[in-house]
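A quick write-up on the structure given underneath.
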Amino acid sequence: MQKSEPKIQKLDQVFFQRNAVEVAKELIGAELLVGGTGGIIVEAEAYLVDDPASHSFGGRSLRNGSMFGPPGLAYVYLSYGIHWCLNTVCLPGSAVLIRALEPRTGISLMQARRGISNIRLLCSGPGRLCQALGIDGGHDGAPLNRQPFALRKVTGSSPLVIGKRIGISRAMDEPWRFGLQESNFVSRKF
DNA sequence: CTATCGATTGTCT
DNA sequence: GACAATCGATAGA
């Protein structure tokens, strides 16, 4: 008998046209590559349309325009004037912030971009992973199911840990931060 | 290990 | 003018 092989699910518009909390949970364990660099998503947070902590709260603006585009786009914004951060757009005005990856592919290039060799610190934070994968404002509004992005998930669920979102000053108690259980590559312990 | 603090600039009021 | 979905350095337990 042959072992059953894991099934690979391409993440398309249908996948993202749902509540961002559900999408965030299912993105844990998925593989994200940008131009051949990346790894496994081990941490993500959901931001909703009626969520005071979300950039979309208060309506559409110049910066958050992609959050109101079709599901499956990238929403990339500059944080603290320094760090780029990557989101996947879900239902209009909602998105999932990708907070950490376990590096798997193109590690030497990611090390060069980050200027460090420590694998543990390569992609363990939203700003860090964007620097490692070469993501910047030019990727804002780009579809995640086309080059340079490659996003796919092995069917089946990954063991999750849940916590409160990090680094915000409103709606701080919502348990919309999700991580891969036991992962050494999250930005902070749960 | 935890706590604190400065950097840096686009965005919105 | 205030603030920010962060990071890295530093100081101290």
Side-chain angles (χ1 to χ4, degrees), chain A residues 16 19-25 27-28 30 32 34 38-39 41-69 71 73-103 110-142 144 160-180 182-190:
Chain A
F16 288 106
N19 186 296
V21 172
E22 294 308 308
V23 174
K25 290 180 190 173
L27 281 177
I28 300 301
L32 170 65
V34 180
I41 298 172
V42 297
E43 182 184 346
E45 287 176 354
Y47 289 86
L48 307 185
V49 66
D50 58 350
D51 169 6
S54 174
H55 288 169
S56 60
F57 191 73
R60 190 171 185 156
S61 68
L62 218 51
R63 173 177 67 164
N64 68 18
S66 332
M67 286 188 83
F68 294 88
L73 297 187
Y75 166 49
V76 180
Y77 71 93
L78 189 61
S79 182
Y80 288 88
I82 306 172
H83 311 285
W84 295 104
C85 296
L86 171 70
N87 295 253
T88 72
V89 175
C90 301
L91 287 172
S94 76
V96 174
L97 172 68
I98 309 300
R99 287 195 55 92
L101 304 181
E102 176 177 334
M110 294 196 287
Q111 287 172 321
R113 285 171 173 154
R114 292 269 296 120
I116 62 169
S117 58
N118 189 337
I119 307 293
R120 186 78 63 97
L121 296 177
L122 263 194
C123 301
S124 299
R128 290 166 174 169
L129 79 88
C130 280
Q131 185 180 33
L133 306 207
I135 297 169
D136 62 24
H139 295 90
D140 183 44
L144 293 164
L160 295 183
V161 281
I162 303 176
K164 297 177 181 178
R165 297 177 294 183
I166 290 180
I168 55 176
S169 54
R170 292 181 292 184
M172 297 170 64
D173 290 333
E174 302 290 358
W176 293 337
R177 175 181 178 228
F178 304 96
L180 181 63
E182 309 279 294
S183 174
N184 292 318
F185 297 92
V186 295
S187 65
R188 275 168 53 177
K189 291 183 79 168
F190 277 74

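Numbers restart at 1 for each chain; the letters A, B, ... are given by sequence-line order, proteins then strands.
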Nucleotide-resolved protein contact map, nucleotides 8-13 of chain C, B/S/- at heavy-atom distance under 4.0 Å
S-----
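Rounded to a whole Å, the CZ atom of Arg188(A) is 11 Å from the P atom of dC7(C). Between Ile166(A) atom CD1 and dT6(C) atom P the separation is 8 Å, expressed in whole Å. The distance between atom CZ of Arg170(A) and atom C1' of dA2(C), rounded to the nearest whole Å, is 13 Å. Atoms CZ (Arg165(A)) and C1' (dT6(C)) sit 16 Å apart, rounded to a whole Å. In this structure, Glu45(A) atom CD and dA4(C) atom C1' are separated by 14 Å, rounded to whole Å. Distance Leu122(A) CG to dC7(C) P: 13 Å, rounded to the nearest Å. Residue Leu97(A) contributes atom CG, which lies 13 Å from atom C1' of dA4(C) at whole-angstrom precision.
Checked by atom type and distance alone, the side chain of Ser54(A) pairs as donor or acceptor with a backbone atom of Leu48(A) at under 3.5 Å. Within the 3.5 Å criterion, the main-chain N or O of Leu122(A) finds a donor-acceptor partner in the side chain of Arg114(A). Formation of a donor-acceptor pair under 3.5 Å by the Glu45(A) side chain with backbone atoms of Leu97(A) is not found in this model.
For the residue pair Gln131(A) and Arg113(A), no side-chain donor N or O sits within less than 3.5 Å of a side-chain acceptor on the partner.
The distance from atom CZ of Arg128(A) to atom OG of Ser187(A), rounded to the nearest 0.5 Å, is 8.0 Å. Atom CD in Glu43(A) sits 13.0 Å away from atom CG in Leu27(A) (nearest 0.5 Å). Annotation: the span from Arg188(A) atom CZ to Ser124(A) atom OG amounts to 13.5 Å, rounded to 0.5 Å.
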Please step through side-chain contact (heavy atoms from CB on, under 4.5 Å) for the pair Val161(A) and Val186(A), ending with a clear verdict.
CA-CA 11 Å; Val161(A) 281; Val186(A) 295; over 6 Å; no
Phe16(A) and Val23(A): side-chain contact (heavy atoms from CB on, under 4.5 Å), yes or no, with the steps?
CA-CA 7 Å; Phe16(A) 288 106; Val23(A) 174; 3.8 Å; yes
Could you give me the CA-CA distance, side-chain angles and deciding distance for Leu133(A) and Leu86(A), then say whether side-chain contact (heavy atoms from CB on, under 4.5 Å) is met?
CA-CA 10 Å; Leu133(A) 306 207; Leu86(A) 171 70; 5.9 Å; no
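Nucleic acid contact for Ser169(A): sugar-phosphate only, since backbone atoms but no base atoms lie under 4.0 Å from a heavy atom of the residue.
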Please list, for nucleotides 8-11 of chain B, all pairs of protein and nucleotide N/O atoms separated by less than 3.5 Å.
residue	atom	partner	partner atom	Å
dT8(B)	O2	Tyr80(A)	O	2.5
dT9(B)	O4'	Gly81(A)	O	3.4

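Across residues 46-59 of chain A, not one residue has a non-hydrogen atom less than 4.0 Å from an atom of DNA chain B.
Residue pairs satisfying the salt bridge (Lys or Arg N to Asp or Glu O under 4.0 Å) criterion with at least one member in residues 50-61 of chain A, sequence neighbours excluded, are listed as follows: Asp51(A)-Arg165(A).
In terms of heavy-atom proximity, Pro103(A) sits nearest to Met110(A) at CB-CE, 3.9 Å.
Evaluation of the side chain to side chain contact (heavy atoms under 4.5 Å, CB included) rule for Ser61(A) yields Arg63(A), Asn64(A) as partners, not counting sequence neighbours.
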Counting Watson-Crick and G-U wobble pairs with both distances under 3.5 Å, what is the dot-bracket string for DNA chain C, 5' to 3', using [ ] for crossing pairs and | for pairs to another strand?
||||.|||||||.
